[in-house]
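These notes are about the structure you will find just below.
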Amino acid sequence: MRMFKYLALAGAMATATASFAEERFITIGTGGQTGVYFVVGQSICRLVNRGTAEHNLKCTAPSTGGSIANINAIKAGDMDMGVAQSDWQYHAYNGSSEFEGNKFDNLRAVFSVHGEPFTVIARADANIKSFDDLKGKRVNIGNPGSGQYATMQVVMDALGWTMDDFALASELKPAEQAAALGDNKVDAIIYTVGHPNGSIQEAVSTVEANLVPVTGEAIDKLIADNPYYAAATVPGGMYEGSPEDTNTFGVKATFVTSADVPDDVVYQVVKAVFDNFDRFKRLHPAFETLSEEQMISDGLSAPLHPGAEQYYKERGWIQ
Ligand code: GLU
């Protein structure tokens, strides 16, 4: 009897160890909880985890600091995949701008997602009608590690501005910025993000506020000189207080990984998304207009990961 018990226990342990060893945990870097990256990561994981019984992948998508933090975490091997703005994908792969001296040769593109207008929203009582009006104001330029923080530096360089041009340059996270605007701690917030999003919805429901156009010669030049920027518009009526279209420039949210992540892992993640594409598109209004064709080409500057390439070839989307 004793012997039997022992054997049964050993058997159970062996089984447990075997299935544990086969499971692989993958982590996707996102952004703040009130942004859209968080929904991208959560949506991808939801679709991946529906198939765990077949492929043994278990996916989690925690909130992070955003684009730059995600790229750095993937480079360090702390995360497997992540969402990043197309401008920062470009610079990380090419070792330029913020990534000078920190080139990420092994960065790989998987697909792009929604467009992200560089968005400025201001309290109505601050009377900010153009980007120039931000001078002398209290502005949340975003948390270090976020895409908006880094892209804001590019815009300021293009305009010849420094932090001293603001009365205050705060570095609050997306989850904190709407309350700061509502509590009159800042006059305006900067956010590179898909629309509609929770953060700006929260801001306009707590205080009278308006979107601010980001236009002019310096912006036109940024768009003309850089393939990862394009003119962008936040549609009128999307947020209370902004009935007209707001013109600005924008980037694409892209999904990236490392060449060190195995092909079959990336293949299964891509398959989970595109085999269930209609379901994916229903998970956020910013995904509604996505098309497979655009997602596998727009905003991608690093080489495609071979696991993604394999799936796109199987579907006949690429040669
Ligand atoms: N574009 C932002 C970033 O790169 C994140 C926006 C979001 O979370 O949806 O950090």
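Whatever order the structure lists ligands and atoms in, that order sets their numbers, starting from 1. Given the structure is predicted, the values throughout are model-derived calculations rather than measurements.
Sequence neighbours left out, the pairs with a member in residues 61-88 that pass ring-ring contact (aromatic ring centres under 6.0 Å, His included) are W88-H91. Within the structure, the disulfide (SG to SG under 2.5 Å) test picks out the following pairs touching residues 42-152 (sequence neighbours left out): C45-C59.
In this model, a donor atom of one side chain and an acceptor atom of the other lie less than 3.5 Å apart for Y267 and E314.
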Q) Can you check ring pair (Phe, Tyr, Trp, His ring centres under 6.0 Å) on F118 and Y229, steps first, answer last? A) CA-CA 10 Å; F118 182 82; Y229 292 139; 8.9 Å; no
Run through all N or O atoms in ligand 1 and write down each protein N or O closer than 3.5 Å, as a pair with its distance.
{"from": "ligand 1", "atom 1": "1 (N)", "to": "Y37", "atom 2": "OH", "distance (Å)": "3.2"}
{"from": "ligand 1", "atom 1": "1 (N)", "to": "Q85", "atom 2": "OE1", "distance (Å)": "2.9"}
{"from": "ligand 1", "atom 1": "1 (N)", "to": "E116", "atom 2": "OE2", "distance (Å)": "2.8"}
{"from": "ligand 1", "atom 1": "1 (N)", "to": "T192", "atom 2": "O", "distance (Å)": "2.6"}
{"from": "ligand 1", "atom 1": "4 (O)", "to": "Y37", "atom 2": "OH", "distance (Å)": "3.4"}
{"from": "ligand 1", "atom 1": "4 (O)", "to": "S67", "atom 2": "N", "distance (Å)": "3.3"}
{"from": "ligand 1", "atom 1": "4 (O)", "to": "S67", "atom 2": "OG", "distance (Å)": "2.4"}
{"from": "ligand 1", "atom 1": "4 (O)", "to": "Q85", "atom 2": "OE1", "distance (Å)": "3.2"}
{"from": "ligand 1", "atom 1": "4 (O)", "to": "G147", "atom 2": "N", "distance (Å)": "3.1"}
{"from": "ligand 1", "atom 1": "9 (O)", "to": "V36", "atom 2": "N", "distance (Å)": "2.6"}
{"from": "ligand 1", "atom 1": "9 (O)", "to": "Y37", "atom 2": "N", "distance (Å)": "2.8"}
{"from": "ligand 1", "atom 1": "10 (O)", "to": "S67", "atom 2": "N", "distance (Å)": "3.2"}
{"from": "ligand 1", "atom 1": "10 (O)", "to": "G147", "atom 2": "N", "distance (Å)": "2.8"}

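In terms of the side-chain hydrogen bond (donor to acceptor under 3.5 Å, both in side chains) criterion, residue partners of D105 (sequence neighbours excluded) are, by chain and number, K103.
Checked against a 6.0 Å centroid threshold, the rings of F287 and F280 count as neighbours.
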